[in-house]
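What follows is one structure encoded as structure tokens, with my remarks underneath.
Labels below follow one simple rule: chain letters A, B, ... track the order of the sequence lines, proteins then strands, and each chain is numbered from 1. It should be emphasised that the depicted structure is a prediction, and the values quoted were computed from it without experimental measurement.
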Amino acid sequence: MPELPEVEVLVRHLDPLLKNRTVQKVTVRRERVIRPTPVARLKRKLKGATFNRVSRRAKFLLFNLTSLSGGPFSMLGHLGMSGRMYLQPKSAPLAKHAAVVLDLGSDNFVFEDTRYFGRFTLSLSPVEGLGPEPLDPSFCAEQFAPGLARSAQAIKVKLLDQKLVAGIGNIYASEALFRARISPKKSARRLKGEQVTALCGAIQQVLEEAIAFGSTVPLNFPSGERTDGLFYYGTQSSAQESRSYEERLLVYDREGQRCANCSTPIRRIIQAARSTFFCPNCQRG
DNA sequence: CACCATGTTCCTTG
DNA sequence: CCAAGGAACATGGT
């Protein structure tokens, strides 16, 4: 569930639920997801700690806590490709791939991650080299253009570079370029000024719409639900909420389907070993 | 068996 | 030091 909008919605959901809750016990069922912090250190730090605010930086969740000894500290969370975080009653059975479980008294705070690409860490270094937040008011052509000017890489690949803009992933990169009517293959340095401006606007629009939509969807997936309606689950579309989420995506995973603007079949290409979807008619030059 | 999947990090090469 | 490309990580769906 991993791009900026999904993380933002999750953060807003978790913040009031975790506030002032104290960690009674820490269970790490997959040590790999604690890195590079030593597992023992994270456990020691979390035990007896109380959650304050939960916020977001790019695709990272930032948990602010007060330790047992009274000092404030931060923990970063990342969902990787398949991570989820939720509270569930302590009596509820744990998911097969529940990687970390924080006992909050009546509830468990569960970090579940099928592929274990996600993580918890006390190190803040992953966040230090990140580029600007695309939804910040200061993010605009003046921030964005210089980063593009010297790169010969395809613009789609550049959008995934977290040093240039932080938080865009493979889905919204394709979606933003479609809305800006820019070919994903275009070299970053060859974008005209007005194209950079259009792309900035498209990025913000796509991300904001996704957050607005996600905020209306109830997030209760621990109890038996496979999906919560917010996140992307490939071609699976049996759940009604999941379907409405997919319909918001105009090109992603729509190879061969007709473009919403011009009816030309959507194409799929591979760039930097990842799929890109675009309309060859609407997105030229 | 094959290929695909919302992401980052590490290693190599230039 | 930087830019760019590719493999690795691990599991599951089709």
Using the ring of each side chain (for Trp, its six-membered ring), is A:Phe109 parallel, tilted or perpendicular to A:Phe120, with breaks at 30° and 60°? tilted
Which one of A:Asn64, A:Thr22, A:Thr66, A:Asn20 satisfies the side chain to side chain donor-acceptor pair (under 3.5 Å) criterion with A:Thr50? A:Thr22
Step through the shown structure and confirm whether more than 12 heavy atoms of other residues, nucleotides or ligands are within 6.0 Å of NZ on A:Lys19. yes
Please step through side-chain hydrogen bond (donor to acceptor under 3.5 Å, both in side chains) for the pair A:Arg284 and A:Ser183, ending with a clear verdict. CA-CA 5 Å; A:Arg284 289 182 285 191; A:Ser183 167; over 6 Å; no
Test of ring centre spacing under 6.0 Å for A:Phe139 and A:Phe144: yes
Take the protein atom CG of A:Asp161 and the nucleotide atom C1' of C:dA3, then report the distance between them rounded to whole Å. 10 Å
To the nearest angstrom, how far is A:Phe117 atom CZ from B:dC4 atom C1'? 13 Å
Rounded to the Å, how far apart are A:Glu255 CD and B:dA5 C1'? 14 Å
At under 4.0 Å, does any side-chain N or O of A:Gln153 touch on OP1 or OP2 of C:dG5? yes
Within the structure, does a side-chain N or O atom of A:Arg32 lie under 4.0 Å from either OP1 or OP2 of C:dC9? no
If the C1' atom of B:dT8 is compared with that of C:dG13, how far apart are they to the nearest Å? 23 Å
For A:Arg119 and for A:Arg115, find the nucleotide of DNA chain B with the closest heavy atom, then tell me which residue's nucleotide is more 5'. A:Arg115
Would you say C:dG12 has OP1 or OP2 under 4.0 Å from some side-chain N or O of A:Lys96? yes
A:Lys158 NZ to C:dA3 C1', in whole Å, measures 8 Å
Separation of B:dG7 P from A:Tyr172 OH (nearest whole Å): 10 Å
NZ of A:Lys163 versus P of C:dA3: gap in Å, rounded? 7 Å
A:Ser275 side chain N/O closer than 4.0 Å to the phosphate oxygens (OP1, OP2) of B:dA5? yes
Check if the side chain of A:Arg150 and the base of C:dA3 share a donor-acceptor pair of N or O atoms closer than 3.5 Å. no
When you check the phosphate oxygens OP1 and OP2 of B:dG7, does a side-chain N or O of A:Ser82 lie under 4.0 Å from one of them? no
Between A:His97 and C:dG12, is there a side-chain N or O to OP1/OP2 distance below 4.0 Å? yes
Between atom CD1 in A:Ile34 and atom P in B:dT9, what is the gap in whole Å? 15 Å
